[in-house]
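In the text below, chain A, chain B and the rest are named by the order of the sequence lines, each starting its count at 1. What's counted below: heavy atoms across the whole structure, side chains too, no hydrogens, waters or symmetry copies.
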Amino acid sequence: AMALLDEMKKNGIFPDVVTYNSLIHGFFVSKNLEEAQAMFQEMKREGISPNTNTYSSLIHGLCQARKLEAAKATFHEMKSNVIIPDVKTYTSFIRGLCIVGEWEEAKCTVHEMESNGISLDVITYSTMILGSIRSGKWEEALGIVSDMNSRGVPPDLAIYNSLIHGLSEIGKFEKAKGVVCDMKSKGVSPDVVTYGIMIRALLQTGHWEEAKCIFNEMKNKEIPGDVITYSTLIHGLFQNGKCEEARDMYYEMKSEGISPDVVTFTTMIHGFCGIGNWDEAKRILCDMREQKVQPDAITYYMLISALIKDGQQTEAMQLLEFMAERGESPN
RNA sequence: CACGGGUGGGAC
């Protein structure tokens with residue numbers, strides 16, 4: 001990108017605000033914070049005035065990198081240069097505040113944007129909902145959802161999923177179920193992710209039979225499970241001591257034409273090693289090899305620990321060497 | 001021109 005920039009300058013095509021905005025954005029997404037900021041300084045040196053998008057990119061990049069002080073300073077600079085922030089500028093900044101846990105400050109910023117005549121859009125609301133959940137304010141999150149409904153900005157699938165996920169994570173599973181009912185009644189259909197969240201939550205709380213019911217419900221709704229759904233089920237069934245059921249899921253997914261991936265294989269092998277069923281574990285390893293799925297660092301870690309726990313230190317060492325030979329570096 | 005949010009799986 002820099003070579004191209006040089007080339008254009010040499011050919012007398014001078015970068016404008018759009019060029020610089022692209023560069024700033026590009027450097028931020030490639031995590032080159034200093035370069036991004038250098039581009040901002042360069043454009044100002046060259047007498048090119050930053051616009052709303054320039055500041056939005058900077059604020060977004062700085063917030064993403066958790067440089068909130070710098071983001072605040074940039075936002076301040078923007079306003080003092082009378083560049084008007086838009087909904088995206090505000091949303092990026094609000095998200096940054098939420099990321100670092102400055103929930104009250106985030107709410108103040110929302111008031112500020114509203115008093116400047118900028119309405120929250122679905123993404124701003126989404127940011128606030130996630131922020132409230134992460135600050136432990138799940139009641140506020142639910143309140144924002146009802147605000148959205150009354151203000152004619154209905155929550156989308158992403159918002160419902162993040163809410164259901166957040167509530168499940170903090171053990172508010174009944175509330176999560178309530179949200180699933182709400183979304184259905186508002187005509188937003190749960191997708192494979194929604195079901196995945198519910199299935200995982202049920203399995204983690206020991207409700208494996210109910211998890212299977214939900215899985216059947218999704219199949220009846222013609223939402224086919226994918227490799228993640230099956231891996232979640234397999235893992236959870238093993239955790240619940242339902243090894244036969246887990247194995248059935250493995251064969252079911254294969255018969256559905258869904259190829260197990262490295263996570264599925266690792267989960268299966270881990271499950272069988274955990275109960276000392278080495279024969280089954282080996283069978284899965286063979287399947288994995290046949291399917292040409294490469295073990296990753298986690299697979300090796302799991303196998304090596306299983307061998308050590310079984311007193312097979314020599315084999316564990318051999319596996320470590322093998323892993324290195326295969327170009328997989330131990331973590 | 002570019003640009004903002006969110007969503008499920010494995011070892012520890």
Side-chain angles (χ1 to χ4, degrees), chain A residues 15-26 28-29 51-61 63-64 85-96 98-99 120-131 133-134 141 155-166 168-169 179 183 190-204 211 214-215 218 223 225-239 246 249 253 260-271 273-274 284 295-306 309 330-331:
Chain A
D16 63 7
V17 62
V18 175
T19 321
Y20 280 112
N21 287 354
S22 302
L23 284 161
I24 291 168
H25 174 74
F28 273 124
V29 299
N51 61 17
T52 299
N53 299 333
T54 317
Y55 281 105
S56 295
S57 291
L58 277 165
I59 290 167
H60 177 249
C63 287
Q64 193 86 326
D86 64 10
V87 63
K88 294 173 186 183
T89 323
Y90 274 111
T91 303
S92 294
F93 187 56
I94 290 166
R95 177 162 179 266
C98 290
I99 289 172
L120 284 73
D121 68 9
V122 68
I123 298 182
T124 321
Y125 280 116
S126 173
T127 305
M128 289 298 287
I129 289 169
L130 190 72
I133 294 179
R134 296 230 240 258
D156 62 11
L157 180 62
I159 290 183
Y160 281 117
N161 282 345
S162 84
L163 193 54
I164 294 161
H165 176 73
S168 301
E169 290 273 276
V179 174
M183 74 188 279
D191 69 353
V192 63
V193 174
T194 322
Y195 281 107
I197 298 166
M198 300 297 288
I199 288 170
R200 179 175 152 83
L202 286 165
L203 288 164
Q204 285 187 329
I214 299 280
F215 184 49
M218 74 184 272
I223 300 169
D226 61 12
V227 62
I228 298 184
T229 318
Y230 278 102
S231 300
T232 306
L233 279 159
I234 290 168
H235 180 239
L237 288 167
F238 270 118
Q239 279 187 320
M249 280 297 165
M253 78 182 278
D261 64 10
V262 62
V263 176
T264 323
F265 283 121
T266 305
T267 306
M268 286 295 293
I269 297 165
H270 178 245
C273 287
I284 304 295
D296 64 13
I298 295 181
T299 319
Y300 283 113
Y301 181 94
M302 191 275 300
L303 286 168
I304 290 168
S305 335
K309 279 179 204 151
N331 64 12

Look at the side chain of [X] and the base of [N], then say whether one donor and one acceptor between them are separated by less than 3.5 Å.
{"X": "A:Ser162", "N": "B:G5", "value": "no"}
{"X": "A:Thr229", "N": "B:G8", "value": "yes"}
{"X": "A:Asp296", "N": "B:G10", "value": "yes"}
{"X": "A:Asp121", "N": "B:G5", "value": "no"}
{"X": "A:Asp86", "N": "B:G4", "value": "no"}
{"X": "A:Thr267", "N": "B:G10", "value": "no"}
{"X": "A:Thr232", "N": "B:G9", "value": "no"}

Can you tell me how far apart [atom1] ([X]) and [atom2] ([Y]) are? Round to the nearest 0.5 Å.
{"X": "A:Thr229", "Y": "A:Met249", "atom1": "OG1", "atom2": "CE", "value": "10.5 Å"}
{"X": "A:Asp121", "Y": "A:Ser126", "atom1": "CG", "atom2": "OG", "value": "9.5 Å"}
{"X": "A:Tyr301", "Y": "A:Leu303", "atom1": "OH", "atom2": "CG", "value": "12.5 Å"}
{"X": "A:Cys63", "Y": "A:Ile99", "atom1": "SG", "atom2": "CD1", "value": "7.0 Å"}
{"X": "A:Glu169", "Y": "A:Ile133", "atom1": "CD", "atom2": "CD1", "value": "10.0 Å"}

Could you work out which one of [options] sits closest to the side chain of [X]?
{"X": "A:Ser22", "options": "B:G5, B:G8, B:A2", "value": "B:A2"}
{"X": "A:His270", "options": "B:A11, B:A2, B:G5", "value": "B:A11"}
{"X": "A:Ser92", "options": "B:A11, B:G4, B:G5", "value": "B:G4"}
{"X": "A:Asn53", "options": "B:G8, B:G4, B:C1", "value": "B:C1"}
{"X": "A:Val193", "options": "B:A11, B:G8, B:G4", "value": "B:G8"}
{"X": "A:Ile197", "options": "B:G9, B:U7, B:G4", "value": "B:U7"}
{"X": "A:Met302", "options": "B:G9, B:G5, B:A11", "value": "B:A11"}
{"X": "A:Val263", "options": "B:G10, B:G8, B:C1", "value": "B:G10"}
{"X": "A:Thr266", "options": "B:A2, B:G10, B:G4", "value": "B:G10"}
{"X": "A:Thr299", "options": "B:G4, B:C1, B:G10", "value": "B:G10"}

Name the nucleic acid region contacted by [X], choosing base, sugar-phosphate or nothing; use a 4.0 angstrom heavy-atom cut-off, strictly under.
{"X": "A:Thr264", "result": "base"}
{"X": "A:Ser126", "result": "base"}
{"X": "A:Leu130", "result": "sugar-phosphate"}
{"X": "A:Thr127", "result": "sugar-phosphate"}
{"X": "A:Leu157", "result": "base"}
{"X": "A:Val227", "result": "base"}

Side-chain N,O ([X]) to OP1/OP2 ([N]) below 4.0 Å:
{"X": "A:His25", "N": "B:C1", "answer": "no"}
{"X": "A:Arg134", "N": "B:G5", "answer": "no"}
{"X": "A:Arg200", "N": "B:G9", "answer": "yes"}
{"X": "A:Arg95", "N": "B:G5", "answer": "yes"}
{"X": "A:His235", "N": "B:G8", "answer": "no"}

Between [N] ([atom2]) and [X] ([atom1]): distance, integer Å:
{"X": "A:Phe93", "N": "B:C3", "atom1": "CZ", "atom2": "P", "result": "22 Å"}
{"X": "A:Met183", "N": "B:U7", "atom1": "CE", "atom2": "P", "result": "15 Å"}
{"X": "A:Tyr195", "N": "B:U7", "atom1": "OH", "atom2": "P", "result": "20 Å"}
{"X": "A:Ile269", "N": "B:C12", "atom1": "CD1", "atom2": "P", "result": "14 Å"}
{"X": "A:Ile159", "N": "B:G5", "atom1": "CD1", "atom2": "P", "result": "13 Å"}
{"X": "A:Leu233", "N": "B:G10", "atom1": "CG", "atom2": "C1'", "result": "14 Å"}
{"X": "A:Leu237", "N": "B:G10", "atom1": "CG", "atom2": "P", "result": "14 Å"}
{"X": "A:Ile199", "N": "B:U7", "atom1": "CD1", "atom2": "P", "result": "18 Å"}

query: Do A:Thr194 and A:Leu157 come close enough that some side-chain heavy atom pair is under 4.5 Å?
result: yes
task: Find out whether A:Cys98 and A:Arg134 are in side-chain contact, i.e. whether some heavy atom of one side chain is under 4.5 Å from a heavy atom of the other.
output: no
- request: Ignoring hydrogens and angles, state whether a donor on the side chain of A:Thr54 or A:Asn51 is under 3.5 Å from an acceptor on the partner side chain.
  value: yes
